[in-house]
Amino acid sequence: MSVWRTPGGGRIDRTQRRKFRFDGRDYQGVAGDTLASALLANGVHLVGRSFKYHRPRGLLSAGAEEPNGLVTVRRDAARVTPNLRATQVELYEGLDALSQNRWPSLQFDVGRINDWLSPLFPAGFYYKTFMWPKGAWKSLYEPVIRRAAGLGVAPTEPDPDRYAQCYAHCDVLVAGGGAAGLAAALAAADEGARVILCDEQNEFGGALLSDPQATINGAGGQAWVDQALAELSANPRVTLLARTTAFGYFPHNLLGLNERLTDHLSAPPAGRARERLWQVRARSVVLATGAIERPVVFPGNDRPGILLAGAARTFLNRYGVRVGTRAVLVTAGDDAYQAALDLHAAGVSIAAVADLRPQAEGALPTAARRAGIEVLTSATVLGTLGGLRVNEIVLGELDGTGGVRRKRTVRCDAVLMSGGYTPSVHLFSQSRGKLAWNEPLQAFLPDRSAERERSVGACRGIYDLAGVIDDGFAAGAEAASGRSGRRRSVSAHSAGGDGSAFLGAVPLAGASSDKSFVDWQHDVTVKDLLLATREGFRSIEHVKRFTTTGMATDQGKTSNLNALSIVAGALEVPIPQVGLTSFRMPYTPTTFGSFAGASRGDLFDPVRKTPMHDWAATEGAVFEDVGLWKRARYFPRGGEGMHEAVARECLAVRSACGIFDASTLGKIEVVGADAAEFLNRLYVNNWSNLAVGRCRYGILCREDGFVYDDGVVARLAPDRFHVTTTTGGAARVLAMMEDYRQTEWPELAVWLASTTEQWAVIAVQGPKSRDLLQGLVEDIDIGAAALPHMSVAHGRICGVPGMVMRVSFSGELGFEVNVPADYGLGVWRAIHARGEKDITPYGTETMHVLRAEKGYIIVGQDTDGTVTPDDAGLAWAIGKSKADFVGKRSLQRASMHAPMRKQLVGLKSRDGRTILEEGAQVAEIPGQKPPMRLIGHVSSSYYSACLAHPIALALVAGGRARMGTTLYVPMPGGDIEVEVVPPVFYDPSGARIHA
Amino acid sequence: MLLISCPYCGDRPEIEFTYGGQAHLVRPADPSALDDQQWAEYLYMRTNTKGVHAERWRHARGCGRFFNALRDTTTDRFAATYKIGAARPDPAASEPTPGTAR
Ligand SMILES: [Zn+2]
């Protein structure tokens, strides 16, 4: 055992040695250590470099608030976790940790030059300096700043671990398992409540784990903790979650808990989840989140070896580690004297206690004097010395006239500091509860609740142990039953609890040439905050952003109150007037893995596949994502690229026959006596005069008159319509229909059902399509007379009951065969086999080209939410005789008929070669310099193999009046001349469709 | 995540619902009778309430029904949920007990 390790006591097992590595060097700790305590037990205080000045830094705390000791823990190349607080990393055999934010090494860091150049790096430096020239930001400033400012390095390989997620409900959720939380859980369980108690640490007990002086009911505090845990774990209605951080408080009492399952294990069992995310909906919440000790702001307060008094006490009492051999205590309250007394008893010499108060006559200071410890009152700290570790502290006595006397330098290798406690109101504040300033305690405390929750113990400013436990009992019972009334009580005593506080910088801090740090993690000093106020910032929210105080990953757990006090002092206003910044989730950094859970890789998003998907995959189709759907885009043969394949597929459809999977089309069955009336009110078309067995192209507008969706609607029976929608619009069209059905026209007898996935849709398109299908359909006459364009018939296809719609999105004679989805693949294979050499499978790319040749729009590509039916050239579809439909009144507005509205037109490149870029702008005047006057944009553009020239659709202001004129598409290489033509490029008479 | 009480199904998490905007806007029986100003009022003008707001929700990933709710936009607290067609309830009468301030 090292000289730093005590011979006995604490929550560690000295017989169980643990080897570990830090920055490549081998060390030894024991079971029960954290990485922090194990490093201290090896005499290692230097654990990191500071963010901005790269100053050497040691551990400041022993818990979640740690701003300095950020490490990367590495299990293998993929399991690399950066930015862990060494104070929370449980030691295991073989742990491999690295310090961060240093280069090339922790002992010698080149970035330290920033510290000596620091007059050049004041607060707001980044905002002011790196503004100009504009181009330098991307090429010069940002890369350099990013490299210099990094907090850890992200792993480069995918995370191989598994993360579980679960949901839970309970009557009372208790966040925090210290004395208050345990008491609350006990009392709530007494009432029969279902209780979840969680704590971020590896074991319950909170401050009692570090407090051997505590007595409860005449025995030690630990005995009471053990008994409480025995009782709680025996209760089947109580769930105990250690290593579980309540990181977020969401509306209506939903709390996010992050449970760490394997990070403390040397060899996690294969397949075991690394973490579990709990989403707990609690009827009532008890916040027992404790309080965090505040550092004292004095010059040179960041040297390694300078840490919080309570942390030194925790390292000693819980982990059996002395933080030094000769320590000085800097305090403004009685509580911290207990740390000096404990260390003194453990053989650490206490060189002096510097008490900022004029008097220190309480029980603990008296005990300290009795133990022979020198207590200096009216003291202040003028500075510290030491390279990689503090070795001297300069103290002085305030003379009462703004000066200092009896200046002296004290040799030491540890400085313990305590400015009092800051209640941890993070979760309360996240719940949108209102805080109030408590002047005697110099703290913000929970005041008005927004949710059904209660704060207990230190997080609401109760610091004495008996009071804390009483508070927990009362709140636990109330949270469970809604009644007050206490069945339990204890007698308890522990050191301290006087609640004295000191905020802000020590007197004369500004006189020193060394920096007085307020925010350790972001390197914010007193000078930075004063500069911010001189620059005119008045609100703490602005000061925060200017100086970045409190904006690091620790969210200012140790710094916010000191910063607030310094700003308030400079502005000469009370602290509450400066305001308090918001607390955000997560309380401590939480892995992305736990949020993602199983939603990664193939499970990131659901994938929708059509019944014919596997066939297309076997045929070598290239797929594209359309919403969640996988759609075959083209079917390359041999070494074809997309353009060759699409050209071949297009020509095949135009000359013979193509087969296309249209199953993704949205399908809604609209049924009921009022089905036609319902569609009349929604769609722009007239449906009353659509005969059974006929189809019609329908357009749906929003109430503002703009095109929302389109699709073919078939009337299957007087009271039954088969409505198709765009692939992407299926869900929103059904939602819109349901909205009107339920809320505007509940009197209509109509019902809606999505049938998208019930039907497989096989489009057979091309001049040979009828011949091909002829032998495959039974009891359906698909002849030109019996089944004209835009009609539908029921019957059997390849023996399967279904329907054949004669519709065409290609411009050729065409059919869409609808069969129940489970038969889709079989029928597809049968049709494809029958087609032999005459049939060509084609994908969405060819479908797009074919429809564009015909001037058929794609909603969402050729329309953009500002396009009316008339703009798209579809005014013919509107039922003129209808008194009303959704969007009609908006379409009556004068501006909807303005001649210079953008209208759908075709564009042909004058050179006959150039394919325009979709999204390119259209100009009337050539050769313009920005800002140009632009009159439209290209919405669809392809090379037409069938026409042997490029084609494009565009929305152009007053486009229909510009037929034959020349417009210009400005591109980086110059203007492209285009001719405005009608949008129908192919078979304008429609003869082929009606064949 | 809000906890929303569907009048048909009971308490369900917000993720099952879609938001439907301001409630109690009735589509005019004869829109053509309205002038442009009146139509724009119906179509676009919303109250942007600070406080108790009557709004529509749909239990889209549940029963599929639309319903109305009174929600305080400053606290997200629901005072009531009620079926389409029912009159707007008095929020004061159904205010749930908030957490106890301490
Ligand atoms: Zn429901």
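Chain letters run A, B, ... following the sequence lines, proteins first and then strands; every chain starts at 1.
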Enquirer: Tell me, with the steps shown, if A:Glu703 and B:Tyr44 meet side-chain contact (heavy atoms from CB on, under 4.5 Å).
Expert: CA-CA 10 Å; A:Glu703 200 65 273; B:Tyr44 295 117; over 6 Å; no
Enquirer: With a 4.0 Å cut-off, would you call B:Asp35 and A:Arg889 a salt bridge?
Expert: no
Enquirer: Give, as side chain, backbone, both or neither, the part of A:Ala883 having an atom under 4.5 angstrom from any heavy atom of chain B.
Expert: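 Contact with chain B is through the backbone of A:Ala883 alone.
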Enquirer: Within the 4.5 Å heavy-atom criterion, are A:Asp884 and B:Arg27 side-chain neighbours or not?
Expert: yes
Enquirer: Would you mind checking which part of B:Arg58 comes under 4.5 Å of any heavy atom in chain A, side chain (CB onward), backbone (N, CA, C, O), both or neither?
Expert: side chain
Enquirer: Starting at OH of B:Tyr42, measure out to OG of A:Ser890 and round the result to the nearest 0.5 Å.
Expert: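 One gets 9.5 Å once the value is rounded to the nearest 0.5 Å.
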Enquirer: Using 4.0 Å as the upper bound for N to carboxylate O, is an ion pair formed by A:Asp739 and B:Arg56?
Expert: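 Between A:Asp739 and B:Arg56 there is a salt bridge, with a charged N closer than 4.0 Å to a carboxylate O.
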Enquirer: Under 4.5 Å from any heavy atom of chain A, what part of B:Leu25 do you find: side chain, backbone, both or neither?
Expert: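 The backbone, not the side chain.
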Enquirer: Under a 4.5 Å heavy-atom cut-off, does chain A meet the side chain of B:Phe67, its backbone, both or neither?
Expert: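 Neither part.
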Enquirer: Just by distance, do the side chain of A:Gln742 and the backbone of B:Gly64 share a donor-acceptor pair under 3.5 Å?
Expert: yes
Enquirer: About how many Å separate OG of A:Ser895 and CG of B:Asp36, when rounded to the nearest 0.5 Å?
Expert: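 Rounded to the nearest 0.5 Å, the CG-OG separation comes to 8.0 Å.
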Enquirer: Is the closest side-chain heavy-atom distance between B:Phe66 and A:Arg741 below 4.5 Å?
Expert: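 A side-chain contact under 4.5 Å is absent here.
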Enquirer: Could you go step by step and tell me if A:Arg281 and B:Asp11 meet the salt bridge (Lys or Arg N to Asp or Glu O under 4.0 Å) rule?
Expert: CA-CA 11 Å; A:Arg281 184 78 71 172; B:Asp11 288 349; over 6 Å; no
Enquirer: Before you tell me yes or no, could you show the steps for B:Leu43 and A:Asp704 under side-chain contact (heavy atoms from CB on, under 4.5 Å), namely the whole-Å CA-CA distance, both residues' side-chain angles and the distance that decides it to 0.1 Å?
Expert: CA-CA 7 Å; B:Leu43 197 55; A:Asp704 60 13; 4.1 Å; yes
Enquirer: side-chain contact (heavy atoms from CB on, under 4.5 Å) between B:Phe78 and A:His252: does it pass, once the steps are laid out?
Expert: CA-CA 10 Å; B:Phe78 283 91; A:His252 297 179; 3.6 Å; yes
Enquirer: Using non-hydrogen atoms and a 4.5 Å limit, figure out which bit of A:Phe428 sits close to chain B: side chain, backbone, both or neither.
Expert: neither
Enquirer: Using a cut-off of 6.0 Å, state whether more than 12 heavy atoms not belonging to A:Lys880 lie near its atom NZ.
Expert: yes
Enquirer: Between atom CE of B:Met1 and atom CG of A:Asn253, what is the distance when rounded to the nearest 0.5 Å?
Expert: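 If I round to the nearest 0.5 Å, the distance is 13.5 Å.
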Enquirer: Side chain, backbone, both or neither: which part of B:Leu2 has a heavy atom under 4.5 Å from chain A?
Expert: both
Enquirer: Is A:Gln892 close to B:Ser32 at the side-chain level, that is, under 4.5 Å between some pair of heavy atoms?
Expert: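 Yes, side chains in contact.
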